[in-house]
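Working notes, structure below.
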Amino acid sequence: MKAVGYKKSLPIEDQDALIDFETAKPEPKGRDIRVAVKAISANPVDYKVRKRAAPPEGETKILGYDAAGVVDAVGPEVTLFKPGDEVFYAGSIQRPGTNSEFHLVDERIVGNKPKSLSFAQAAALPLTSITAWELLFDRLGAVPGKSVDPRTLLITGGAGGVGSILIQLARRLTGLTVLATATRPESQKWCLDLGAHAVIDHGKPMKEQIEKLKLPPVALVASLTFTDQHYKAIAELMAPQGRFGLIDDPPEFTMSTFKGKAISVHWESMFTRSSFQTPDMIAQHHLLNDVADLIDKGVLRTTLDQTFGTINAANLKRAHALLESGKSRGKIVLEGW
């Protein structure tokens with residue numbers, strides 16, 4: 001089968017940062033399904049792993065987590081899917097990635113593809129949907145249901161992949177006031193179009209901008225990017241006894257900043273359940289099916305922003321470069337071989 005991978009951790013400008021190669025088609029065992037990959041999307045975790053995790057000498061590591069495709073074969077213990085089923089999922093960071101024609105994945109972290117979306121549109125969704133859903137409901141404890149919630153959720157980096165789905169989930173499924181941050185005018189419009197009640201510029205002091213809006217107290221925060229640059233200012237503007245959630249890897253982060261207000265701090269990693277085979281691992285199967293249902297009902301929409309052509313090293317290098325620039329919005333998708 002065709003695949004895209006890398007042998008050494010190199011700058012994305014390097015000719016061999018990502019390479020096209022061929023490898024054996026994997027065989028499913030246990031609860032694994034084998035998926036014929038039709039479309040993938042690129043995420044910041046792709047380039048972060050490429051930069052810091054060189055494969056063993058002589059091996060080629062395959063990246064990629066998001067995928068949409070068709071079940072091609074199933075392991076002997078599979079009960080949730082059969083060959084021919086159309087699926088979408090975000091894979092496991094412990095296993096070879098989705099940048100390959102065929103891919104093995106545990107059925108417990110796979111959902112049925114939304115019927116109303118193309119493979120490309122569906123591939124934009126899994127990793128960010130799982131991250132946003134778990135962050136909002138499992139970590140920050142937001143309450144599903146449209147009853148009025150007298151609190152504001154602040155989402156920093158609202159125009160990115162996770163922010164783009166988190167805005168929708170919070171606006172459509174809760175009674176929270178949704179406040180996003182974005183710096184560029186086109187990113188601010190993107191956040192408003194997705195449902196944010198208001199948008200502020202995180203390149204300027206946030207507290208003054210929020211005070212002018214006269215919103216309910218900021219009790220929940222989803223810090224999606226540059227947490228190290230913003231967390232101290234956010235702690236100052238947050239309501240006492242709030243919840244602060246983050247998904248990035250801040251080089252500097254002092255928990256005691258939140259102690260005076262008894263603000264709890266919550267990490268979200270959508271790979272935790274698959275990495276540790278947690279007893280509730282199947283929650284991601286149900287979660288993705290819920291997302292697909294909400295998409296098909298018109299409650300949520302895909303966050304696909306750009307399609308970069310077929311799945312190959314050259315196009316994936318373009319995707320990595322844009323993600324590394326920090327100027328992407330929504331999701332970048334590649335489709336077909």
Side-chain angles (χ1 to χ4, degrees), residues 11-12 42-52 127-128 131-132 134-136 139-140 152-167 170 177-192 194 196-213 215 217-240 242-270 320-331:
I12 198 59
N43 292 284
V45 66
D46 297 25
Y47 76 75
K48 291 176 182 177
V49 172
R50 192 198 83 242
K51 283 181 165 183
R52 70 178 183 225
L127 185 145
T128 53
T131 302
E134 290 183 351
L135 181 58
L136 182 62
R139 313 293 171 237
L140 295 178
T152 292
L153 166 67
L154 171 65
I155 303 170
T156 62
V162 174
S164 294
I165 197 76
L166 181 54
I167 289 171
T177 297
V178 182
L179 173 63
T181 80
T183 51
R184 295 176 296 148
E186 60 268 33
S187 298
Q188 293 175 351
K189 183 179 184 301
W190 174 268
C191 292
L192 291 170
L194 289 171
H197 290 92
V199 183
I200 61 172
D201 183 350
H202 56 246
K204 300 172 183 174
M206 286 191 266
K207 189 176 182 182
E208 291 84 341
Q209 297 177 75
I210 293 172
E211 286 172 348
K212 288 179 182 175
L213 292 170
L215 302 174
V218 177
L220 305 178
V221 172
S223 183
L224 307 181
T225 186
F226 300 119
T227 293
D228 56 310
Q229 297 179 23
H230 301 302
Y231 78 96
K232 290 178 181 175
I234 289 172
E236 189 180 336
L237 64 85
M238 279 185 74
R243 292 187 174 208
F244 180 93
L246 66 160
I247 66 169
D248 60 343
D249 305 289
E252 186 275 321
F253 187 75
T254 306
M255 294 274 283
S256 59
T257 304
F258 299 95
K259 182 179 179 182
K261 289 184 176 178
I263 292 167
S264 55
V265 176
H266 304 261
W267 293 93
E268 161 57 22
S269 170
M270 60 78 54
H320 278 228
L322 180 55
L323 287 170
E324 287 184 47
S325 76
K327 294 180 179 177
S328 64
R329 71 177 184 195
K331 293 301 296 291

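Note that these values count all heavy atoms, side chains included, but never hydrogens, waters or copies made by symmetry. FYI, the numbering just counts along the sequence from 1.
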Minimal non-hydrogen separation, [X] against [Y], with atom names:
X      : Y      : result
Asp201 : Met206 : O-CG, 4.4 Å
Ser164 : Trp190 : OG-NE1, 2.8 Å
Leu224 : Ile155 : CD1-CG2, 3.6 Å

Residues at least two apart in sequence or cross-chain that pass ring pair (Phe, Tyr, Trp, His ring centres under 6.0 Å) with His202, listed by chain then number, are His230
When you measure from the side chain of [X] to the backbone of [Y], do you find a donor-acceptor pair of N or O atoms at a distance under 3.5 Å?
X      : Y      : value
Ser325 : Leu322 : yes
Glu186 : Gln188 : no
Arg243 : Arg139 : yes

For Arg329, the salt bridge (Lys or Arg N to Asp or Glu O under 4.0 Å) test, sequence neighbours excluded, returns Asp305
Applying salt bridge (Lys or Arg N to Asp or Glu O under 4.0 Å) to Lys51 and not counting sequence neighbours gives Glu324
Set of side-chain contact (heavy atoms from CB on, under 4.5 Å) partners for [X], sequence neighbours left out:
X      : value
Leu192 : Val199
Thr177 : Thr152, His197, Leu215, Pro216
Ser256 : Thr254
Lys189 : Asp193

Please name all residues satisfying side chain to side chain donor-acceptor pair (under 3.5 Å) with [X], sequence neighbours left out, ordered by chain then number.
X      : answer
Gln209 : none
Ser223 : Thr227
Asp46  : none
Ser187 : Arg184

Residues pairing under salt bridge (Lys or Arg N to Asp or Glu O under 4.0 Å) where one sits in residues 226-237, two or more places apart or in two chains, turn out to be Lys207-Glu236
_Are there over 12 heavy-atom neighbours, none belonging to Phe226, within less than 6.0 Å of that residue's CZ?_
no
Less than 6.0 angstrom separating the ring centers of Phe244 and Phe258, yes or no? yes
